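Any value given below was found using the heavy atoms of this structure, including those in side chains, with hydrogens, waters and symmetry copies removed. Predicted model, so just to flag it, every value in this text is computed and none were measured.
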Amino acid sequence: MDFDLLTSPELLLARIFDGLNAGAVYALVAVALVLIFKATTLINFAQGEMAMFGAFLAYIGWSEWGLPMWIAVVVAMILSALGAAAIERTLIRPFDPSDHLPLVIVTLGLLLIIGAVAGMIWKFDPRPFPELFPSGSAFRLGIANLRWYTVFTLAAAVAMMALLQFLLSRTKIGLAFRAVSSNLESSELVGIRVGPTLQFGWALAAAAGTFGAVIFVADPVRQIEPSIMLSVLIFASAAAALGGLDSLWGALVGGLIVGQVQTLLVNVFTFIPNEMALAAAVFVLLVVLVAKPSGLFGTARVERV
Amino acid sequence: MSSPLLEAAGVKAAYGQVNVLHGVDFSVNEGEVVVILGANGAGKTTTLRSISAMRLVTVEGSIKVAGTETVGKNPADVVRMGVAHVPQGRGTFPELSVEDNLHSGAYVVKDRSQIHKDIDRYFDMFPVLRERRDQLAGSLSGGEQQMLAVSRALMSRPRLLLLDEPSLGLAPLIVEQLFETLAEINRDTGMTMLVVEQNAQLALSIADRAYVLEAGQIVLSGEAEAMKTDEAVRQAYLGY
Ligand SMILES: Nc1ncnc2c1ncn2[C@@H]1O[C@H](COP(=O)(O)OP(=O)(O)OP(=O)(O)O)[C@@H](O)[C@H]1O
Ligand SMILES: [Mg+2]
């Protein structure tokens, strides 16, 4: 065990910044995951791959179509939204929305197909992605370095969360999302058109996912390639579950916690090899969920019969 | 005479391969309260589900609301024809607040000021809902949920209100209050109602006409007043 970390504030701060960096990314992706869960009541296993594909579209827009980077990002978000709406219409809508198992299998199929298609088109060699945020550090203390990238990623996660929170709690489409996930049959009886509502949920979640993935690959330490989202998706799922799966705030906080746990765990308990960081994070998650099954911020389901 | 608001002819309904309604005819005139009576499993709920075009049931025949066919449509379309349906077991949104449940009932209403006026009206009618406006519907008592379910249906200002056993699980006093309220709404606004009820005596007291359903067929129909007093009808079908 390495307790230097606990005696040197500077080292501790450095680790916390590392954790914040990872956590901000997890939070961003977790918020997108929670959104699709809230809007479609489904865990979409293809969410990460769809987001990866979206990030590639942004990359193509920038590198091949010559669009300014931020315009390319917006175009990619729109294209992913349209693509997801088409996927919902053709592959999801034919199935009974109250029966989740076939739908989960469809999303698993999508995961494989999108991954394979991206691999075929773009191969697996990493390509540098343009930076979206100023490089350099926002704050530095000895070896502790808080990068602008981290600050902006966090800001993006908070902004996205606030926007989606507003959408869910204050708008009519948000009410429809919540009604559909609460009681499908009654939703139709009040006049909600379930198909188009879920379709809009898919489109929105895909746009949010693309935004998250773009920011993830825009970190100068990373490059874009088709398998980029796989590991981050697992951490983000852990973050979403930790936060309660149906709470956007929970996803944000969950992301930050998972980021801290991951970096502190492997740095304090040095006998945990780096490769085990994932397992260690999942273990922490399990402990929390056993103690509090609805997550830290999730609503426990209440229903009287 | 003008044609009825609701007119069903030769309605057959099935769940998958299981036929439940075997060709029923009934109608409800504008402004009427009509009650459907019948034993458990007779097909009363299925009748209301057929009117609302709920996905569960496959319907054959014709069901017209103000002259427009509902067979082959989906429930969201039927709502837009002016039908509101309080399903058996209430069907509130447990994870939504009381107030959001009411807002959802007005999903097809465009006029925001009307929505707020109506929410206030039902809070006046059921003051306990006002007290619990921010509480999740799932945490309400059975009776409170029933009040919420009825209010939610009324939020769309329907022309035709379908009520499936509104008295189920309620204390006798609450049931009486609820029926008084329904009778009042019918009197004041002329809202047409089709009510399924086990509590025959009470239902007949607010109804104009009644149908008795038995094993998916209508075996009796007539004026509520006459049914209430007919000794043979009472013994054979109403069980009191
Ligand atoms: N979802 C369903 N799937 C298959 N069969 C069903 C379904 N719902 C009802 N049934 C069958 O249809 C028949 C009529 O049921 P329905 O619910 O219409 O009766 P009901 O008159 O409303 O009875 P109750 O007074 O008990 O509510 C019953 O035999 C029932 O088993
Ligand atoms: Mg019934």
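Side chain of A:Ser186 to backbone of B:Gly91: a donor-acceptor contact under 3.5 angstrom is found. Proximity of a side-chain donor or acceptor of A:Arg178 to a complementary backbone N or O of B:Leu96 within less than 3.5 Å is not detected.
Within 6.0 Å of NZ on B:Lys12 lie no more than 12 heavy atoms contributed by other residues, nucleotides or ligands. Taking a 6.0 Å sphere around CZ of B:Arg157, one finds it holds more than 12 heavy atoms contributed by other residues, nucleotides or ligands.
Counting heavy-atom pairs closer than 4.5 Å to chain B, the top-ranked of the candidates A:Ser187, A:Ala179, A:Ala176 is A:Ala179. The choice from B:Ala76, B:Ala84, B:Ala153 that makes the most heavy-atom pairs within less than 4.5 Å of chain A is B:Ala76. Put simply, of B:His85, B:Met54, B:Arg80, the one with the most heavy-atom pairs under 4.5 Å next to chain A is B:Arg80. Ranking B:Met155, B:His103, B:Arg152 against chain A, the residue ahead of the rest is B:Arg152, based on heavy-atom pairs under 4.5 Å.
Taking the side chain as every heavy atom from C-beta outward, B:Ser52 and A:Leu189 approach each other to under 4.5 Å. Contact of the B:Asp77 side chain with the A:Arg193 side chain is registered, since non-hydrogen atoms from C-beta on lie closer than 4.5 Å. The shortest distance between side-chain heavy atoms of A:Asn183 and B:Glu95 does not fall below 4.5 Å.
Heavy atoms of B:Ser156 lying under 4.5 Å from chain A are absent altogether.
Nearest heavy atoms, B:Val108 versus A:Val190: CG1-O, 4.0 Å.
Interatomic distance, OH of B:Tyr107 versus CD of A:Glu188, reported as 12.0 Å (0.5 Å rounding). Separating the CZ atom in B:Arg49 from the CD atom in A:Glu185 is a distance of 6.0 Å, to the nearest 0.5 Å.
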